[in-house]
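See structure below.
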Amino acid sequence: MLEVSVRGRTIASVRLSGAKLRSRIAPSLPSRLRRRRVTGVRRHGKYLLIDLDEDLTLLSHLGMSGRWLFSTDGRPAPLPHVHVRLAFADGSSLRFQDPRRFGMLRLVRRDRLWRDPSLAILGPDPFASPPAGEWLHRLARGARVSVKNFLLDQRRLAGIGNIYASEILHRGRVDPRRRAGALGREEWNAVAAEIPRVLGEAIERMGTTFRSYRTLWNEPGGYGEKLLVYDRAGEPCRRCGTPIKRIVQGQRSTYFCPRCQGRKASRAPARS
DNA sequence: ATCCTATCCTGTAGGC
DNA sequence: TGCCTACAGGATAGGA
């Protein structure tokens, strides 16, 4: 979506707020971006890569509350917490808004892109190389972390966040509390199959808005209505009717159905 | 090596 | 109404 909006446009001017995000934005950013043309947009895991001519790539991460907002209006309504505004030559603009400032934005030379410390540690993106159950099974061998936290670790597989970890494990019918190293081949097969399914559908629907997330056009994402467990504590499981449980793992919420995802949950269909 | 905790921030919802 | 606490999409430094 971002690519459709900005590819081919030339950056005419750049404004910085001066505020510090996760790390500080280099003050040289505006001068380095000016007159650059957007040649393409890519993604790896949760990182967005905006390719520019002259062999530069603008690397960004939304963190918890970041968003890119595109506007064709030359004078869009001013917003708080806009840290970068790229004004294009045709009058349209792209703004990076991030109230909590956990996001990041960095300009990198393309020939050094994958040596950037943030990207260098990432595992494969599940769309570039769909994970096989066997591969995950091997990767998890000996791991004592919970499978939920295992899925969140971007160094193994990049792109699964807190919402989708719960959704993936629910659909794969795996108890999030199990140690990653304890899952069998069949269980990893089930999880592996759900990863691109869940992420793919979430992307198609432009993400999940359960609080404040907004799309490029400042609209809520449409995956919220597809959530089976996330943010549904106490509500009936859509599959078996059992109340959904919320637990905390690594200081983050996990939601699951204690019946469908019991320690030895049946893989058979249910509906009590 | 692996795992876990605390920390960086602001906004908002809910209890009293 | 106002005050207070808890919690929120994430990554990562540093300690056990």
Side-chain angles (χ1 to χ4, degrees), chain A residues 2 17-25 43-49 59-69 79-84 96-106 116-123 125 138-170 176-182 195 198-199 201-203 205-216 218-234 245-255:
Chain A
L2 180 60
S17 72
K20 183 177 179 284
L21 299 188
R22 165 156 250 299
S23 51
R24 155 176 161 284
I25 300 175
R43 184 188 56 70
H44 186 100
K46 303 175 191 173
Y47 288 84
L48 200 58
L49 285 60
L59 178 62
S60 66
H61 192 300
L62 300 179
M64 296 279 255
S65 59
R67 44 177 91 150
W68 279 109
L69 296 170
L79 293 170
H81 306 299
V82 169
H83 300 109
V84 177
F96 187 85
Q97 184 192 34
D98 186 5
R100 293 179 71 181
R101 312 209 305 273
F102 290 166
M104 79 92 114
L105 206 58
R106 190 185 300 155
D116 180 279
S118 295
L119 295 186
I121 61 168
L122 296 181
D125 180 277
R138 251 186 294 116
L139 196 64
R141 195 167 46 196
R144 301 174 67 80
V145 273
S146 69
V147 60
K148 155 75 175 338
N149 286 348
F150 181 91
L151 291 180
L152 286 180
D153 187 342
Q154 306 295 303
R155 292 170 303 187
R156 304 192 241 250
L157 193 61
I160 300 173
N162 200 45
I163 293 176
Y164 304 120
S166 283
E167 295 297 311
I168 287 163
L169 290 173
H170 176 71
R177 300 166 293 189
R178 300 262 308 281
R179 291 178 176 208
I195 289 170
V198 169
L199 295 182
E201 196 174 0
I203 289 170
R205 291 176 172 257
M206 315 289 293
T208 304
T209 297
F210 81 97
R211 277 191 183 194
S212 60
Y213 167 79
R214 290 294 181 281
T215 70
L216 192 56
N218 208 10
E219 287 160 353
Y223 195 75
E225 62 197 63
K226 303 292 287 186
L227 294 177
L228 297 182
V229 289
Y230 191 83
D231 203 29
R232 296 194 63 240
K245 262 180 93 166
R246 171 188 181 269
I247 59 173
V248 174
Q249 297 182 286
Q251 297 103 236
R252 316 196 66 192
S253 294
T254 303
Y255 297 86

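- Taking only distance into account, the side chain of A/Ser212 meets the base of C/dG9 through a donor-acceptor pair shorter than 3.5 Å.
- If you take atom P in C/dG14 and the same atom in B/dC9, they sit 16 Å apart, rounded to whole Å.
- Taking only side-chain atoms of A/His61, from C-beta outward, the nucleotide of C/dA11, C/dA8, C/dG9 with the closest atom is C/dA11.
- A/Lys46 has a side-chain polar atom (N or O) that falls below the 4.0 Å cut-off from OP1 or OP2 of C/dA11.
- Contacts between residues 145-155 of chain A and DNA chain C, defined by a heavy-atom separation below 4.0 Å, involve A/Gln154, listed by number.
- The phosphate of C/dA6 (OP1 or OP2) has no side-chain N or O of A/Arg211 nearer than 4.0 angstrom.
- Among the atoms of the strands shown, only primed sugar atoms or phosphate atoms (P, OP1, OP2) are found under 4.0 Å from some heavy atom of A/Arg246.
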- Item | Residue pair A/Glu225, A/Arg205: steps toward the salt bridge (Lys or Arg N to Asp or Glu O under 4.0 Å) verdict | CA-CA 10 Å; A/Glu225 62 197 63; A/Arg205 291 176 172 257; 3.6 Å; yes
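- For A/Ser118, a side-chain nitrogen or oxygen approaches OP1 or OP2 of C/dT12 to under 4.0 Å.
- Stacking annotation: A/Phe102 is not stacked on the base of C/dA11 (requires ring centroids less than 5.5 angstrom apart and an interplanar angle below 30 degrees).
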Protein-nucleotides 3-5 of chain C N/O pairs closer than 3.5 Å?
none

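- By the side-chain hydrogen bond (donor to acceptor under 3.5 Å, both in side chains) test, A/Ser212 is found to be paired with no residue, residues two or more places apart in sequence or in another chain being considered.
- Contacts of residues 220-234 of chain A with DNA chain B (heavy atom under 4.0 Å): none.
- Between the side chain of A/Gln249 and the backbone N or O of A/Pro176, at least one donor-acceptor pair lies under 3.5 Å.
- With a cutoff of under 4.0 Å to any heavy atom of chain A, the contacted region of DNA chain B is bounded 5' to 3' by B/dC3 to B/dG11.
- Rounding to the nearest 0.5 angstrom, the gap separating the NZ atom in A/Lys46 from the NE2 atom in A/His44 is 12.0 Å.
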- Query: DNA chain C in dot-bracket, Watson-Crick or G-U pairs under 3.5 Å, [ ] crossing, | other strand?
  - Reply: .|||||||.|||||||
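- If you check every strand for non-hydrogen atoms under 4.0 Å, A/Leu21 touches nothing.
- Residue A/Lys20 is classed as having no contact, given no heavy-atom separation below 4.0 Å to the nucleic acid.
- Protein atom CZ of A/Arg252 is 13 Å distant from nucleotide atom C1' of C/dT12, rounded to whole Å.
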